[in-house]
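We count ligands from 1, going down the list as the structure has it; atoms in each ligand are counted the same way.
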Amino acid sequence: MPSRILLISDLHLEESRPDITASLLRFLEDNRDRCDALYVLGDLFEVWIGDDESSELTQTVSAAFKDFSQTTQLFFMHGNRDFLLGNDYIKLCGGKLIQEPYILETGSQSIVLVHGDCLCSDDVDYMKFRDMVRQQQWQQEFLGQTLEQRREFAREARKQSQLANANKTSSIMDVNQDEVEKLLRTAAKTTMIHGHTHRPASHQFTFDTDGHTLQATRVVLGDWDKFLWYGEVSYDTVELKQLPLSS
Ligand code: MN
């Protein structure tokens, strides 16, 4: 059977959007036994304050992934909203945590996978926040707080980010092309898949490395707000696909 690998990101699951959760359950059911691996490239949840916060939503989701993982490999990467997703929960889901940048080797292809926020280097304030919350010490201290304290922090951080983003130009919140090319050069690859920006597209461009001009592809997965977006990688192709969200 030819290989078929699926990638999703930016579902932003939350209690107030049962339609998105239903779409995920349907997506998993539809692709059970019909793909070799599923990669979740971050922001699966709208907010994640620690694996010790359990709810009907988190339990429904982990049970569905666990079932899916019986026959299919499942990988999770952190996003900027669920960077605290831990091994306890990922184990409940039957998945494996991967770190970015991750190199997906399949068929004739070798593809760089990242969530995408690391490419948005023009957003200097956000990059500072990112550096802080990705530090082990900060995370240990944060996880040491009560659930209520953590919820409060998450609410406040979200509010601040919405306020700040309202004043940022559209280009600041998109990827920086130099950053994209730098990552491809470092990884010595010509294909990249990421999410985060909520700007689903497949970009073709050229870049120079070691005196050569290479043709490159950057596929951006979409967020699951109005459509269910996914990437599909087969032997020698990468496709971006969309389906309507379940009602
Ligand atoms: Mn994101």
Side-chain angles (χ1 to χ4, degrees), residues 6-14 16-17 20-21 23-24 27 38-50 57-58 61 75-86 89-90 93 95 97-102 104 111-135 138-139 142 153-177 179-180 183 192-203 218-231 240 242 245:
L6 303 179
L7 305 100
I8 58 177
S9 72
D10 303 279
L11 282 71
H12 295 272
L13 296 173
E14 57 181 333
S16 63
R17 290 295 303 269
I20 302 179
T21 308
S23 294
L24 171 63
F27 181 77
L38 172 65
Y39 288 81
V40 183
L41 299 186
D43 288 357
L44 172 64
F45 289 97
E46 172 69 3
V47 62
W48 193 265
I49 58 169
L57 172 65
T58 67
V61 170
F75 300 95
F76 293 93
M77 180 179 278
H78 285 147
N80 55 302
R81 292 183 169 278
D82 56 6
F83 56 91
L84 287 171
L85 207 60
Y89 187 74
I90 287 167
C93 294
L97 180 65
I98 55 172
Q99 303 295 333
E100 67 175 14
Y102 181 86
L104 168 61
I111 303 171
V112 183
L113 307 181
V114 287
H115 173 60
D117 54 328
C118 63
L119 303 170
C120 299
S121 55
D122 293 338
D123 194 344
V124 177
D125 290 339
Y126 168 69
M127 292 310 272
K128 269 191 224 158
F129 177 80
R130 184 180 196 274
D131 284 346
M132 176 182 82
V133 301
R134 297 273 176 141
Q135 282 167 20
W138 185 92
Q139 296 192 358
F142 183 75
F153 175 88
R155 270 194 297 270
E156 193 53 36
R158 192 179 174 189
K159 203 168 82 186
Q160 293 299 331
S161 139
Q162 280 168 347
L163 280 174
N165 289 349
N167 291 317
K168 286 174 192 167
T169 62
S170 166
S171 68
I172 281 184
M173 292 192 291
D174 200 355
V175 301
N176 173 300
Q177 182 65 18
E179 215 63 49
V180 169
L183 181 54
M192 179 186 299
I193 302 177
H194 69 83
H196 180 66
T197 59
H198 301 190
R199 299 169 195 221
S202 183
H203 301 277
R218 176 172 67 93
V219 172
V220 188
L221 304 172
D223 59 310
W224 288 27
D225 180 23
K226 296 185 176 67
F227 296 98
L228 180 171
W229 291 96
Y230 64 100
L240 177 64
Q242 75 185 105
L245 268 194

Minimum side-chain heavy-atom gap L85-H78 below 4.5 Å: yes
Donor-acceptor contact present, side-chain Q139 to main-chain V133, <3.5 Å: yes
Ring geometry between F129 and Y126 (parallel below 30°, tilted from 30 to 60°, perpendicular above 60°): tilted
Candidates F83, F76, Y89 - the one meeting ring pair (Phe, Tyr, Trp, His ring centres under 6.0 Å) with W48: Y89
N/O/S atom name from H196 that is nearest to the position of the Mn ion (ligand 1): ND1
Geometry at the Mn ion (ligand 1) - H115 NE2 versus N80 OD1 angle, rounded to 10 degrees: 90°
Residue S9, metal the Mn ion (ligand 1), N/O/S under 2.8 Å: no
Shortest-distance N, O or S atom of D43 relative to the Mn ion (ligand 1): OD2
